[in-house]
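Worth knowing before you read on, the calculation uses all heavy atoms, side chains too, and leaves out hydrogens, waters and symmetry mates. On a predicted model such as this, the values are computed, not experimentally measured, just so you know.
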Amino acid sequence: MNIAWKEIKKNKVRFAILGSIVFLVSLLTFIISGLANGLSQDNAALIKDLPDGQFYMAEDAEGTNNLSRIDVEIQDEMLTETKDAVALSIQMGFLNDEEDKQRSVAFVTSTESPLFEDVKKGEIVLDRSLEEAGLQVGDTLTNDQFSGEFVIKDFVDQQKYSHAPVAFINMDNYKEMYRTTEMQMLFVPESDMYPTIAGMQSFTNKEFLSAMPSYSAEQLSLNMIVWFLVVISALLFAIFFYMMNVQKIGLYGILKAIGVKTSTLFKMMWMQMFFITGIALVFSITLSQLFNQFAPAGMPFSLTATVTIQLSIVFLIIGFIGATLSGIQIKKVEPLQAIQQGEV
């Protein structure tokens, strides 16, 4: 391992260039991953914060909650016989504040459940982003489809749907606004056995999110960029160590001639890879976490420690694979032939 360290000190510029490239690629990957997670929360925090379970919608709705209607008799039977089951509806709409300014929201209503806010008639509970936008508890809001007024009861954290703040309202008020007597879907949380209901299609939380066009398209695009950057880093490692190994064929020949094992040469290369990648990751993680703390308030950015650790492990594995593939030529080096090529 002493040889590996000496080589790093001798070729500082080469290894510094590799380290800086890995730093920039990993930093960009962390930031894009944070944006992907932040947009995911901003798009569907209402659903993502629910416990694992099953959503039930009408089969003919084909996974679109706006088109789904649950028969009242089926709903009552399900709520009576299934523990913790809840009926709910989600509709995009708008509210007018006291200055007649429109606020786009996602109206949510449900039967009584600890999973959703309990709201009385004429009251409304909003996502805290609207408080930051200037609304206050006690303010009066209106909607063109509602004959009465809504009084803000409270604000809640991280309740978004389709990039709009959620507005929890009473079920009777919702039915008046949307001229309906039926709810859109049923949700059964964490059950050992989920019921099968004729004429209804079930979805896991993940499947429900995937059925949201804006969510699936947005996440697919960002995740493709993240993994594309990871592949680029693997190619960088492979190319860099391949070029280094080509230049050191003579040295490897001499080392093999004096009895150094091929496995030792691989360990030397792996140590260099882990050293350079480790330092680059320390800097990129530090900067990405600082960005996480000081990102503008309106930017949907969320980089958790779990995601950071997972991506760091991926980078180390990718670096290991790239370096190993590039080092296959070391195994093929014949001492006499390599020495005759000239370079030590």
Side-chain angles (χ1 to χ4, degrees), residues 38 40-51 53 55 65-66 68 70 72 75-76 78-79 83-190 205 208-209 212 297-298 300 302:
S40 172
Q41 283 294 115
D42 192 66
N43 199 350
L46 175 73
I47 305 301
K48 293 188 72 174
D49 290 345
L50 290 174
F55 288 89
N65 65 285
N66 287 343
S68 177
I70 305 299
V72 176
Q75 174 183 314
D76 292 341
M78 188 77 164
L79 297 181
K83 182 182 178 183
D84 297 328
V86 55
L88 68 147
S89 290
I90 306 172
Q91 280 282 10
M92 304 305 296
F94 62 89
L95 290 165
N96 300 314
D97 62 18
E98 294 174 350
E99 298 176 356
D100 208 28
K101 181 179 179 180
Q102 284 194 348
R103 311 272 184 170
S104 178
V105 296
F107 288 108
V108 177
T109 190
S110 70
T111 54
E112 188 175 345
S113 170
L115 299 175
F116 300 95
E117 296 297 317
D118 181 22
V119 186
K120 297 178 181 177
K121 290 182 181 180
E123 293 181 340
I124 192 167
V125 175
L126 302 171
D127 177 71
R128 197 167 301 281
S129 60
L130 289 174
E131 182 181 34
E132 296 167 358
L135 297 181
Q136 298 178 352
V137 173
D139 284 357
T140 300
L141 305 172
T142 59
N143 178 278
D144 293 347
Q145 298 168 277
F146 182 51
S147 59
E149 295 180 335
F150 292 112
V151 177
I152 300 177
K153 175 188 174 184
D154 198 4
F155 294 95
V156 289
D157 295 317
Q158 289 296 316
Q159 291 295 307
K160 294 284 192 74
Y161 185 82
S162 195
H163 294 299
V166 164
F168 293 98
I169 59 176
N170 182 269
M171 193 160 54
D172 291 335
N173 295 153
Y174 176 91
K175 289 178 178 179
E176 178 189 336
M177 287 171 59
Y178 292 101
R179 308 297 188 267
T180 182
T181 58
E182 299 168 317
M183 301 292 274
Q184 292 176 348
M185 50 192 159
L186 297 165
F187 178 67
V188 180
E190 299 177 310
N205 296 40
F208 183 88
L209 289 172
M212 295 173 58
S302 175

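The closest side-chain heavy-atom distance from Ser89 to Val108 is not below 4.5 Å. Residues Val125 and Gln159 form no side-chain contact, since every pair of their non-hydrogen atoms from C-beta on lies 4.5 Å or further apart. At least one side-chain heavy atom of Ile47 sits less than 4.5 Å from a side-chain heavy atom of Phe55. No side-chain heavy atom of Met78 sits less than 4.5 Å from a side-chain heavy atom of Ile70. Between Asp144 and Asn96, the closest side-chain pair of non-hydrogen atoms falls below 4.5 Å. Side-chain contact between Val72 and Glu182 is present, with heavy atoms from C-beta onward closer than 4.5 Å. Considering only heavy atoms from C-beta on, Lys160 stays 4.5 Å or farther from Pro300 through its side chain.
The closest donor-acceptor contact from the side chain of Asn205 to the backbone of Pro51 lies under 3.5 Å. Proximity of a side-chain donor or acceptor of Ser113 to a complementary backbone N or O of Leu115 within less than 3.5 Å is detected. Side-chain atoms of Arg179 come within 3.5 Å of backbone atoms of Gln145 as a donor-acceptor pair (strictly under, hydrogens ignored). In terms of modelled atom types and a separation under 3.5 Å, the side chain of Asn66 and the main chain of Gln91 share no donor-acceptor contact.
Classification of the Phe150-Phe146 ring pair by plane angle, with boundaries at 30° and 60°, yields parallel.
Taking CD of Gln158 as the start and CG of Asp49 as the end, the distance is 7.0 Å to the nearest 0.5 Å. The distance from the CD atom of Gln75 to the OG1 atom of Thr111 is 6.5 Å, given to the nearest 0.5 Å. Between Met177 atom CE and Thr109 atom OG1 the span is 10.0 Å, to the nearest 0.5 Å. Here the straight-line distance linking atom OG of Ser110 with atom CZ of Phe187 works out to 11.5 Å at 0.5 Å rounding. Here Asp118 contributes atom CG and Phe168 contributes atom CZ; the two are 11.5 Å apart, rounded to the nearest 0.5 Å. Taken to the nearest 0.5 Å, the CG atom of Asn143 stands 9.0 Å off from the CD atom of Gln102.
The salt bridge (Lys or Arg N to Asp or Glu O under 4.0 Å) test applied to Lys121 returns Asp172, not counting sequence neighbours. Qualifying ring pair (Phe, Tyr, Trp, His ring centres under 6.0 Å) partners for Tyr161, counting only residues two or more places apart in sequence or in other chains: none.
Here the shortest heavy-atom pairing between Gln184 and Ser68 reads O-OG, 2.6 Å. The minimum heavy-atom distance linking Pro165 with Ser129 is given by the pair CB-OG, 3.6 Å. Closest approach of Ala85 and Leu79 over heavy atoms only: O-CD2, 3.4 Å.
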For side chain to side chain contact (heavy atoms under 4.5 Å, CB included), just list the numbers for Lys48 and Gln41, CA-CA rounded to whole Å, side-chain angles, deciding distance to a tenth of an Å, and then say yes or no.
CA-CA 7 Å; Lys48 293 188 72 174; Gln41 283 294 115; 3.7 Å; yes

For Glu131 and Ile152: C-alpha separation, side-chain torsions, deciding distance, then whether side chain to side chain contact (heavy atoms under 4.5 Å, CB included) applies.
CA-CA 10 Å; Glu131 182 181 34; Ile152 300 177; over 6 Å; no

Decide yes or no on side chain to side chain contact (heavy atoms under 4.5 Å, CB included) for Asp139 and Asp97, but give the supporting numbers first.
CA-CA 8 Å; Asp139 284 357; Asp97 62 18; over 6 Å; no

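Using a 4.0 Å cut-off between charged nitrogen and carboxylate oxygen, Lys120 and Glu123 do not count as a salt-bridge pair.
Atom CD of Glu98 has more than 12 neighbouring heavy atoms from other residues, nucleotides or ligands inside a 6.0 Å radius.
The side-chain contact (heavy atoms from CB on, under 4.5 Å) test with Phe107 is passed by exactly one of Val166, Asn173, Leu95: Leu95.
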